There are 4 protein chains.
Amino acid sequence: MKILISGFDPFGGENINPAYEAIKLLPDSVRGAEIVKMEMPTVFHLTAEVLEEKVREVDPDVILCIGQAGGRCGLTPERVAINVDDARIPDNNQQQPIDEKIKKDGPAAYFSSLPIKAMVEKMREANVPSSVSNSAGTFVCNHIMYQVLYMIDKNFQGKTGGFIHCPFIPEQVIDKPNQPSMSLADIVKGLKAGIEAIIERDGQEDIKEMGGAIH
Amino acid sequence: MKILISGFDPFGGENINPAYEAIKLLPDSVRGAEIVKMEMPTVFHLTAEVLEEKVREVDPDVILCIGQAGGRCGLTPERVAINVDDARIPDNNQQQPIDEKIKKDGPAAYFSSLPIKAMVEKMREANVPSSVSNSAGTFVCNHIMYQVLYMIDKNFQGKTGGFIHCPFIPEQVIDKPNQPSMSLADIVKGLKAGIEAIIERDGQEDIKEMGGAIH
Amino acid sequence: MKILISGFDPFGGENINPAYEAIKLLPDSVRGAEIVKMEMPTVFHLTAEVLEEKVREVDPDVILCIGQAGGRCGLTPERVAINVDDARIPDNNQQQPIDEKIKKDGPAAYFSSLPIKAMVEKMREANVPSSVSNSAGTFVCNHIMYQVLYMIDKNFQGKTGGFIHCPFIPEQVIDKPNQPSMSLADIVKGLKAGIEAIIERDGQEDIKEMGGAIH
Amino acid sequence: MKILISGFDPFGGENINPAYEAIKLLPDSVRGAEIVKMEMPTVFHLTAEVLEEKVREVDPDVILCIGQAGGRCGLTPERVAINVDDARIPDNNQQQPIDEKIKKDGPAAYFSSLPIKAMVEKMREANVPSSVSNSAGTFVCNHIMYQVLYMIDKNFQGKTGGFIHCPFIPEQVIDKPNQPSMSLADIVKGLKAGIEAIIERDGQEDIKEMGGAIH
């Protein structure tokens, strides 16, 4: 099994992106699966081109993207990506689309094809706070998750894909009062646990564990 | 123009649901549009049956559903409904589905067909805190929004539909420390402003106003 | 009985201060007690001079100061004022003291001499969210509460005094995402309930109701 | 220099208290200062008796108490302790005092005699999120901080004392949605940095750094 794990570069005024920092610290192999790592630009559409090129080169079984969600307390596998870009801040190429479809011929949304409930369970067993998220936002994180699932749907049937958001790391919140963070070591541990869940559930349905939100 | 506005009954241990309390206080006519009011049960699937019956009876142009989102600070028109029930608490019939599709033959999601950005703008002009929400959760609120848009898609082409979440009202948070609330009068004022936006934008696209979320 | 109720003018970039807006809407008499209203400047030390002059003129039995605590969800009678100015932002005279004693010859702190638990109870009975606060901060609100209790201690024995923080009102949070607010009508209702509690408990100890904080 | 560092045992339904877990991992010597460690019971008054006995035995220069503040995002040196017990939950001996003075003959409050601003600065330099707290609550944490400063005032003039609150650690929030945490390693690193600041500022005033709160 081969897993392509991709993290964004820094955006929104940050000097680092904990997503890619964590990816760099992952082992090259987890339970026999090969881990291929890459950094993506935080730029609408360009990020998908860069990623698709890598997918063609590497031919992974799983495409797992990681992004930063400042303000969250735990790792959050995303349930769904929606077909809209609505940027609150400019991306790293100064684009700021408002209510534009990501793919004119795409469906309204794609559900993650990763076992998000099993991933959350495994992360928690590793003592890493985690929960399912029901919105990846409307910025580049949601964009790449949608693009990955779209490219799988159109061109790479058989592969699976999804997205995990991770919190700020402590050094990012030194000057941000009352902002939660998670140590880089715990993010790495949690991502590794999530990857293990993906490997374990390969070919099976996700587990049926409560993980919804009332609103 | 005829607008059917529907609010849930109380759930989750609450004695009242501010959604329906607010609806009862709306005028019967807004800018010449007729307002038809109803209460829906907080019960998966049954709520859609009850609503669809009313739609057939009333034949509204717009179907607007209202629900409670305890913990939110403002009125939040919902952008999207997703095809999944994942209940954190039982509904009012003791059903608690986990990761079940709402409609086997439905798409992953439906976007609101109401002008959510214009609604937010109008609510703010009325001095009622408001913002777009990118997730209606995975409980009965998301369920009915999905069902409404599904029934429009399948059986009532030409109608429009959507959902607005409203905060707790003050009397609900007396015993809940540090929970935001909004006065019933302001919820009513905000819903009225939202309805006005729906009427004003009738037949046009939504305005292009920033309203996304980074994550 | 005569109650002097004093509210700050706007500060921190706000155009209004809900504290004084609410005071203006209070009746001139509550349960037979005369209500005398005034506005105070949000300026360290000057605010105490202005208030003390009014106290000498009016000779009230009770001195109740009201200020804005943006971000809080309910009305919060303050338990204690501490002998320090530590300003995160400049006051309205561009003063920004860091860790300076308010009164060189004053004690470390004064407890409110108002019945804060009874006030909270009465506010809740009026359906206004309320709780005891254990810190009035270190800005001008804490400053005037300390000054009032110091001037009573030194020069006006027999009078009682204290402070209530109130939330933003809705129009202040239109452009502040995820900030709680309370309607001006509810702030007025809650202040009136608090004043009633002060009148009812006159000459008695406060009620023994749980209202502490773990940390 | 000798520093007695004391942490509470678990309370409030928790199996561990990160305060004492972190203390156990501190070195026995920091910059030449001897570190003496102890666990205190989370019991009103008894905890002070246990601590005072240890102070008589060890004769430390500094008494630093550490407690858990679930919900906080960073380490928070406390500025002030107030003379009141007002328990929201029972202590570990089932005592739940409401609005009782800690010491009948004590002042309303004591300010920390530790250099809290320098401690925060040093913690931040070590990349550990930290800020001054203006309220230690009204439970056993505030109680012991008050007791320490009272016993220094009455019986141990020349010693200094204070309190630091620390967040939950990740394993404590696995089942608590949306609760921030801090890794045990970072708590240890932050406490060590705080101790270094205490040693460095020995005999001097605290630094003048902004660290107040508006309310």
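Each chain gets a letter, A, B and so on, in the order its sequence line appears, and its residues count up from 1. Keep in mind that this is a model prediction, so the values were computed, not measured.
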Chain C contact via Gln179(B) - side chain, backbone, both or neither, heavy atoms under 4.5 Å: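 Contact with chain C is through the backbone of Gln179(B) alone.
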Would one find more than 12 heavy atoms of other residues, nucleotides or ligands at under 6.0 Å from atom NZ of Lys189(C)?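 For Lys189(C), atom NZ is crowded (more than 12 foreign heavy atoms under 6.0 Å).
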Does Glu205(B) have more than 12 heavy atoms from other residues, nucleotides or ligands lying within 6.0 Å of its CD?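 Not buried by this count: 12 neighbours or fewer within 6.0 Å.
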Exercise: identify the closest heavy-atom pair between [X] and [Y]:
| X | Y | value |
| --- | --- | --- |
| Asn127(C) | Ile174(B) | C-CD1, 3.5 Å |
| Asp186(B) | Ser183(C) | OD2-CB, 4.1 Å |
| Pro129(B) | Val173(C) | CG-CG2, 3.4 Å |

Which of the residues Gln172(C), Met182(C), Arg124(C), Lys176(C) is involved in the greatest number of heavy-atom pairs with chain B at under 4.5 angstrom?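 Of the candidates given, the most pairs with chain B belong to Arg124(C).
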Who passes side-chain hydrogen bond (donor to acceptor under 3.5 Å, both in side chains) against Asn92(C), sequence neighbours left out?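 In terms of side-chain hydrogen bond (donor to acceptor under 3.5 Å, both in side chains), with neighbours along the sequence ignored, Asn92(C) is linked to Asp9(C).
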Quick one: list whatever passes side chain to side chain contact (heavy atoms under 4.5 Å, CB included) with Lys24(B), sequence neighbours left out.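 Once residues adjacent in sequence are excluded, the partners of Lys24(B) under the side chain to side chain contact (heavy atoms under 4.5 Å, CB included) criterion are Tyr20(B), Glu21(B).
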Is it the backbone or the side chain of Pro170(C) that comes under 4.5 Å from a heavy atom of chain B, or both, or neither?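 Both backbone and side chain.
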Counting only non-hydrogen atoms closer than 4.5 Å, does Ser131(C) touch chain B with its backbone (N, CA, C, O), its side chain (CB onward), both, or neither?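 The answer is neither part of Ser131(C).
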